[in-house]
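Naming convention: chains lettered A, B, ... in sequence-line order (proteins, then strands); numbering from 1 in each chain.
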2 protein chains.
Amino acid sequence: MSYNRHETLDCKRNPNKDCGVEAALAIISGKWKLKIFKALRQGAPVRFSLLKKELNDISEKTLAAQLREMEHDGLLTRVMYAEVPPRVEYSLTELGQKLEPLFLSLENLGLAYILQKMHNDTPVGI
Amino acid sequence: MSYNRHETLDCKRNPNKDCGVEAALAIISGKWKLKIFKALRQGAPVRFSLLKKELNDISEKTLAAQLREMEHDGLLTRVMYAEVPPRVEYSLTELGQKLEPLFLSLENLGLAYILQKMHNDTPVGI
DNA sequence: CAGCATCCGACACGATACTG
DNA sequence: CAGTATCGTGTCGGATGCTG
């Protein structure tokens with residue numbers, strides 16, 4: 001999306017009426033954010049390696065970066081266990097769980113979109 | 001957000017369980033999409049020049065491109081009047097109006113996020 | 001196992017100038 | 001007025017290799 005996260009998230013610098021909307025958008029923007037949410041939404045903590053497996057084709061760098069952003073945004077917690085081999089588990093915070101209604105809205109919109117597209121019988125064409 | 005719209009929107013090529021979610025995300029992804037929605041959500045058609053004014057700092061190229069994408073996605077209609085000077089008006093389709101609940105979810109999430117950030121008293125720090 | 005460093009490409013977006 | 005054409009830029013994310 002090419003959002004400028006840092007500007008968008010700072011409601012002091014960006015104090016318009018829709019700051020909330022924009023902050024929320026910034027929070028979920030990132031190619032993998034909602035897939036990560038999906039992997040965590042059952043509530044149980046999930047390990048880094050398992051996340052990587054569920055989001056196939058994500059690189060470790062990107063996964064770590066997205067997780068760090070989400071942690072910074074307060075969506076999830078990172079718990080590190082000082083073991084050998086190391087283990088790190090991620091789980092949703094309360095705020096993170098508030099993504100659920102958004103997720104459902106997105107699902108609804110997506111369905112409406114898909115239905116309409118099928119109805120129109122207009123292939124994407126690109 | 002750097003989504004690959006074309007892949008993401010094509011549910012035949014991308015037939016996983018969350019195709020709807022991803023399609024929806026692709027639809028609203030783009031730095032300006034939701035601001036355009038906001039400008040149109042009252043229902044009345046809006047002219048290109050007015051849109052440009054409301055979304056200050058958007059370039060004409062980008063505005064035209066985002067509008068074209070949204071039209072292609074079936075979110076809005078473009079009506080051209082053969083006048084001098086030319087006039088083009090944009091308004092939401094039925095599908096476009098289905099963005100409303102999503103908008104509200106985003107607002108809620110954004111509010112929760114902002115409240116929590118204030119509560120933590122942790123400046124964004126970046 | 002988890003994840004950082006580095007290099008690199010793709011693409012979204014911006015600035016500016018030009019048309020019907 | 002409502003765009004296109006062209007060029008330039010930054011940011012996101014991928015590939016690979018290295019550490020504790």
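B/Val79 shares a hydrophobic cluster with B/Tyr81; the chain of contacts runs through ILVMFWY side chains whose heavy atoms sit under 4.5 Å apart.
Whole-Å rounding puts the A/Lys52 NZ to C/dA2 C1' distance at 11 Å. The distance from atom CG of B/Leu63 to atom P of C/dA15 is 13 Å, rounded to the nearest whole Å. Between A/Lys33 atom NZ and D/dC12 atom C1' the separation is 11 Å, expressed in whole Å. Per the geometry, NZ belonging to B/Lys31 stands 9 Å off C1' belonging to C/dG14, to the nearest Å. Summarising the geometry, the separation between CZ on B/Arg47 and C1' on D/dA2 is reported as 9 Å, rounded to the nearest angstrom.
Mapped onto DNA chain D by nearest heavy atom, A/Thr62 and B/Tyr90 fall at different nucleotides, with B/Tyr90 at the one closer to the 5' end.
Applying the ring pair (Phe, Tyr, Trp, His ring centres under 6.0 Å) test to residues at least two apart or on different chains, the pairs with a partner in residues 36-68 of chain A are A/Phe37-A/Phe103. Pairs engaging residues 83-101 of chain A under the salt bridge (Lys or Arg N to Asp or Glu O under 4.0 Å) rule: A/Arg41-A/Glu100, A/Glu83-A/Arg87, A/Arg87-A/Glu89 [sequence neighbours left out].
For the strand DNA chain C, secondary-structure stems (runs of at least three Watson-Crick or G-U pairs, all distances below 3.5 Å) span C:1-20 with D:1-20.
Residues forming a side chain to side chain contact (heavy atoms under 4.5 Å, CB included) with B/Ala39 (at least two apart in sequence, or on another chain): B/Leu51, B/Glu54. For B/Arg78, the side chain to side chain contact (heavy atoms under 4.5 Å, CB included) partners at least two apart in sequence or on another chain are B/Glu71, B/Met80, B/Val88, B/Tyr90. For A/Ser49, the side chain to side chain contact (heavy atoms under 4.5 Å, CB included) partners are A/Arg47, not counting sequence neighbours. Residues satisfying the side chain to side chain contact (heavy atoms under 4.5 Å, CB included) criterion with A/Lys52, sequence neighbours excluded, are A/Glu60, A/Leu63.
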Grab the N/O contacts between the protein and nucleotides 4-6 of chain C below 3.5 Å, and write none if there aren't any.
residue : atom : partner : partner atom : Å
C/dC4   : OP2  : A/Arg68 : NE           : 2.6
C/dC4   : OP2  : A/Arg68 : NH2          : 2.8

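Nearest to the side-chain atoms of B/Pro86 among the listed nucleotides D/dA2, C/dC1, D/dG13 stands D/dA2.
Remark: side-chain polar atoms of A/Thr93 are paired, donor with acceptor, to backbone N or O of A/Gly74 under 3.5 angstrom.
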